[in-house]
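Counting starts at 1 for both ligands and their atoms, in listed order.
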Amino acid sequence: MSLVVVGSMAFDAIETPFGKSDRIIGGAGTYIAWCASNFTPVKQISVVGGDFPESELAALTARGVDLEGVQIKKDEKTFFWSGRYHLDMNSRDTLETQLNVLENFVPVVPDSFQDCEFLMLGNLVPSVQSSVIKQLKNRPKLIVMDTMNFWMEIMMDDLLHTISLVDVLMVNDSEARQLSGEYSLVKAAKKIIAMGPKYLIIKKGEHGALLFHGDQVFFAPALPLEEVFDPTGAGDTFAGGFIGHIVRTKDISFENMKTAIIVGSAMASYCVEKFGTERLREISKADISDRIAEFVDLVNFDIKLVVE
Ligand code: AMP
């Protein structure tokens, strides 16, 4: 059982209607690793600059995240992203993206990662994501990919190529519309599935997530929370919970993906409770079980339809 995670490791600066952070640790790969390591060991592929704190790398190692595939470019700067959330906390504007070390990143898959059975391609340069797939000598049982509007705007051809290679694609609703040119999410899903992936997950922030496969659709709500403090990383945390559950159970059926979506949603609901990765570092296995139980209660209803 082996999970390889690819994704950005970053500094983020976040503004929400309720507060502002200085440069804090972020990145899609970072959130995925913090989350998925609750379920399985993680082998991480990424790149950071000399300014990325060693203590952060040590904290991930202590969580069971193998960093042999993380390159440290001593004389360069770590990827930086800043964003501002709108009042509804469901939408945001990117204020700045400084690629820095990501600009010329050539990933190298270590030999010890060749046993990869599950591959989680977190948000990153699409050609880096596809390069990792190509370097693996055996195709993993399941390849899951996340991406973002940023890459649709500047590297659509590379992005479409990478999408054609994966089994499961995750995007949010506005990205699904942008990628397909369709407003209806059902039509968008049909078009995106025709691009290659057998499964499509459309994340709708506080409105939950949809899983499409063939003619089947499954919907999972998001937990209604009194307070959302910082939604950054919720999508990546969702991805980490989804793939973490799949790896732990080694079951890639549609039925098990439904459960994986609930696990992902439960993990994301913790992520948004504090700034950055703070909340993910605190939660225990018991917290995770409690939150999953809340989801079961949320959607569990007994209905007897009597139509005469
Ligand atoms: P999410 O809120 O789940 O969409 O993910 C937010 C994280 O994605 C932040 O921690 C950012 O550092 C990271 N991020 C933002 N833009 C990019 C990008 N273009 N490529 C890779 N990672 C990014």
Side-chain angles (χ1 to χ4, degrees), residues 5-16 21-36 44-49 51-52 56 77-86 89-103 105 107 120-129 132 144-156 158-159 162 169-176 178 201-206 209 222 228-243 264-265 267-280:
V5 169
V6 184
S8 57
M9 296 177 77
F11 286 119
D12 290 344
I14 299 153
E15 286 178 36
T16 76
S21 78
D22 290 329
R23 266 164 39 116
I24 57 172
I25 296 295
T30 313
Y31 281 101
I32 297 170
W34 273 104
C35 176
Q44 184 90 344
I45 296 181
S46 190
V47 62
V48 295
D51 52 354
F52 199 80
E56 286 298 327
K77 279 164 60 180
T78 297
F79 172 74
F80 173 79
W81 174 81
S82 78
R84 183 189 294 135
Y85 287 87
H86 301 170
M89 294 289 254
N90 234 7
S91 51
R92 71 181 175 208
D93 296 322
T94 288
L95 300 177
E96 200 179 345
T97 301
Q98 291 176 16
L99 290 176
N100 299 332
V101 280
L102 277 194
E103 199 139 29
F105 175 42
M120 178 69 233
L121 299 171
N123 189 14
L124 200 62
V125 188
S127 58
V128 168
Q129 294 175 314
V132 171
V144 182
M145 171 186 181
D146 188 11
T147 189
M148 172 180 193
N149 54 352
F150 182 81
W151 305 114
M152 294 176 196
E153 277 144 31
I154 61 169
M155 291 182 188
M156 192 55 138
D158 285 356
L159 182 65
T162 309
L169 178 70
M170 306 182 163
V171 282
N172 67 30
D173 43 1
S174 65
E175 289 157 353
Q178 188 170 346
I201 296 172
I202 301 183
K203 299 168 286 179
K204 289 157 60 72
E206 66 171 332
V228 172
F229 200 71
D230 169 20
T232 308
D236 312 313
T237 304
F238 174 91
F242 177 85
I243 194 69
S265 303
M267 298 305 290
S269 75
Y270 272 124
C271 173
V272 303
E273 288 181 347
K274 290 193 175 172
F275 259 125
T277 52
E278 199 180 335
R279 192 71 179 112
L280 288 182

Inset, instruction - Answer yes or no for F11: is there a heavy-atom contact with ligand 1 below 4.0 Å? - result: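 The answer is no, since F11 has no heavy atom less than 4.0 Å from ligand 1.
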Tell me which part of [X] gets within contact of ligand 1: side chain, backbone, both or neither, using heavy atoms under 4.0 Å.
X	answer
R92	side chain
D12	side chain
Y31	side chain

Legend entry - Which of the ligand 1 atoms, numbered from 1, are nearer than 4.0 Å to a heavy atom of G26: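 Heavy-atom distances to G26 below 4.0 Å select 10 (O).
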Legend entry - Per-atom contacts, ligand 1 versus M148 - under 4.0 Å to a heavy atom: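 With M148 as reference, the close atoms of ligand 1 come out as 15 (C), 16 (N), 17 (C), 18 (C), 19 (N).
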Legend entry - Shortest protein contact, atom 22 (N) of ligand 1 (heavy atom only):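 Scanning the protein heavy atoms, the shortest distance from atom 22 (N) of ligand 1 goes to S8 OG, 2.8 Å.
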Inset, instruction - Starting from atom 6 (C) of ligand 1, locate the nearest protein heavy atom and write down its residue, its atom name and how far away it is, to 0.1 Å. - result: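 Scanning the protein heavy atoms, the shortest distance from atom 6 (C) of ligand 1 goes to D236 OD2, 3.5 Å.
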Inset, instruction - Could you tell me which non-hydrogen atom of R92 sits nearest to which non-hydrogen atom of W81, and how far apart they are? - result: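 Looking at all heavy atoms of both residues, the closest pair is NE-CZ2, 3.7 Å.
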Inset, instruction - Mind listing the closest non-hydrogen atom pair of Y31 and G26 along with its distance? - result: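 Answer, listing the atom of Y31 first, then G26: CE1-CA, 4.0 Å.
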Legend entry - Within 6.0 angstrom of D22 CG, more than 12 heavy atoms from elsewhere: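 At most 12 heavy atoms, drawn from other residues, nucleotides or ligands, come within 6.0 Å of this atom.
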Legend entry - Salt-bridge criterion met for K203 and D146 (N-O under 4.0 Å):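 Yes, charged N to carboxylate O under 4.0 Å.
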Inset, instruction - Flag F79 as yes when one of its N or O atoms lies below 3.5 Å from any N or O atom of ligand 1, and as no otherwise. - result: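 No, since none of the N or O atoms of F79 sits under 3.5 Å from an N or O of ligand 1.
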Inset, instruction - Without swapping roles, check the side chain of N90 against the backbone of E206 for a donor-acceptor pair under 3.5 Å. - result: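 Pair found, side chain donor or acceptor close to backbone of E206.
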Legend entry - R23 to F11, cation-pi by 6.0 Å centre distance and 45° axis angle: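 Ring-cation test returns yes.
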